[in-house]
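These numbers come from the heavy atoms of this one structure, side chains and all, not from hydrogens, waters or symmetry mates. These figures come from a predicted structure and were not determined experimentally. So you know, we letter chains A, B, ... as the sequences are listed, proteins then strands, and number each from 1.
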There are 2 protein chains.
Amino acid sequence: MGDVAQRAGVSRTTVSFVLNDRADAGIPDETRRRVIEAAAELGYRPNAGARALAARRSDWYGIVTEIVTAPFAVDVIKGAQDRALQQGKFLLIASSESEVATEAAGIEKLLEQRIEGLIYAATWHRAVRVPEIVREVPAVLVNCFDADGSLPAIVPDEVGGGRHATQRLLDAGHTRIGLITLDPAIPASVGRRQGYEEALVAAGVSVDPSLVVAGDATADGGYAAACELLDRADRPTAIFCGNDRMAMGAYDAIKERGLAIPRDVAVVGFDNQELIAAYLRPRLTTVALPFQEMGARGVEMLAALAAGQPIDTATVTIDCPLIERSSV
Amino acid sequence: MGDVAQRAGVSRTTVSFVLNDRADAGIPDETRRRVIEAAAELGYRPNAGARALAARRSDWYGIVTEIVTAPFAVDVIKGAQDRALQQGKFLLIASSESEVATEAAGIEKLLEQRIEGLIYAATWHRAVRVPEIVREVPAVLVNCFDADGSLPAIVPDEVGGGRHATQRLLDAGHTRIGLITLDPAIPASVGRRQGYEEALVAAGVSVDPSLVVAGDATADGGYAAACELLDRADRPTAIFCGNDRMAMGAYDAIKERGLAIPRDVAVVGFDNQELIAAYLRPRLTTVALPFQEMGARGVEMLAALAAGQPIDTATVTIDCPLIERSSV
DNA sequence: GTTGCTTACTAACGCGAGTTAGTACGAGGG
DNA sequence: CCCTCGTACTAACTCGCGTTAGTAAGCAAC
């Protein structure tokens, strides 16, 4: 920076003013131009660490999540990183599944970098107990929530998603719609089922509990549950699967019986896992979890928190849109 | 740090010596203990930015990659991050697919953080043209290579993987083994096919070019190619698919014909995409791309480069192990 | 021709650490 | 009693930058 100043024939302070675009410091255009030119010629690149030190402001947010276990965790990261870049911030990513460090140690590392805020993201929608250390910095939970609601949280609208999926089947003329649910103890299962029932009721279709079967959240679980539904005398004409993996198994069960999708049985999934949904044959109509948007909203809330704006810690829910493909 | 010094009744310098474990500065155990205690009591957390500034050493590596497009990119990150943590380094991740910034802009950001090295990772094995800016810092290519070989590169051993897959089928007694290849212009396709042929030749089985068909790298492509192979009078008893998505399509083709996997037709995939391979029914035997290990090796090479150790820029290949499941 | 007001800067301090050169103290040797 | 020689520290500088307080030059007004 000193070299740039010398080359432009001004002081280091002036260079700082120009490069930081401080309008109040009345620098004439001619001087400004000289400084910018000198910086370009010398290939000057500011030192982010030194700047953070002097400005008492790091321009960094942190995010902790499992990046490998769930393939869609990266979507949260992408959404958050893009939004952060728009704000001139950079996102530091700490994996919470490392073998060489605990989750708390990872957060500790982030705090040593003096991050201005932290996003704590789960790979599947659930209640979590965040490590105490999280509370030392403005924090937002994404795709999870803590039991006592003391931290702001952003979660997918499972109920709405369940409604969208069911409505799509109703719109296609189905009235006997099977539902394969996940582990009934988790929010995804509860919410999606509630949405399913709401949509049926709203359409004046009676809810038949015998059409609801539970299964493992795997392809095998979906296969088994689908078999149960399909082997009834009055088999449903459509199946809403708790997730895409189960839909994968359901496809097998349907095809095995010589039935065609969607002609004989329509299928809707949930999660929109590209690798599955886009490659099943026929391609699977499903409901997307809004990971990117949740990440982006997380950064927005962080910005508000860091700016000291009051935030109602109420949980924010984000819509889960229906992704139309060819299985309905 | 000053507070810690005061509480321990020593100078700031002494605190620095203790916390950085400088053995040369003869600090007696008693003093050391007092300092560590004071730091703990005050909840002292060093400021990484300030430390980097003073020590002229950031302890950061950077990695640039597309994190969303390919689901396994995160494995490279995980492998690299774990190894970096072991070295006391932290990994800064820049997505090269952001809408708000170009790839070069992302790297620029990393350089402003004064990273000590850069990993440039591709999501599929290929030749790349790296932006010039990459050469301003020690850099290693992962899962890709540049045309003129001027940068060290780490790539998967496609040939070995093809050999493993084919050998597994030979071991199971198959001699008529179909191969569904990817776009013949890419290294993955060339290498895997070469491995396939090498294994056959080594086993004394003659290579029948008519058993090799090309297809789109999708489930539909795999389906079409598998149909072609299966509808021959002398259909193969095993199929080696260019990747797992194609295997997914091949499964459909096989099942449609009332054939059983692996009894009538055995299948081997490539890529080990968990979401597919672990959930297909039966579960798919496939070859894994060593993403985590490539990431880890990348960090190791970076450490060597940054330490000024000479490195032959020869490309390093990493073994692609066979993952046994139930389709053979 | 002093005062006062802009305009266009600069000197100097501070951020939180690492590091070098130097010092005070006590023990042991002559 | 003086002179080394470790031992156990400390003062002061430095890293690269942001920022505050201050100043010199030019001009208009009285």
Protein-proximity profile, nucleotides 16-27 of chain C, B/S/- by nucleotide at the 4.0 Å heavy-atom cutoff, equals BBBBB-------

Distance check, rounded to the nearest 0.5 Å: A:I133 atom CD1 versus A:L111 atom CG? 5.0 Å

In whole Å, I'd like the distance from the CD atom of B:Q6 to the C1' atom of D:dA11. 17 Å

Whole-Å distance between D:dT7 C1' and B:R32 CZ? 14 Å

Below 4.0 angstrom from OP1 or OP2 of C:dC9, is there any side-chain N or O of A:T31? yes

Side-chain ion pair, A:R33 and A:D29, N-O less than 4.0 Å: no

Please determine whether a side-chain nitrogen of the Lys or Arg among B:R7 and B:D3 lies less than 4.0 Å from a carboxylate oxygen of the Asp or Glu. no

Does any part of the side chain of A:R45, heavy atoms only, come nearer than 4.5 Å to the side chain of B:R114, both counted from C-beta? yes

Using a 4.5 Å cut-off on heavy atoms from C-beta on, say whether the side chain of A:Q113 contacts that of A:S58. no

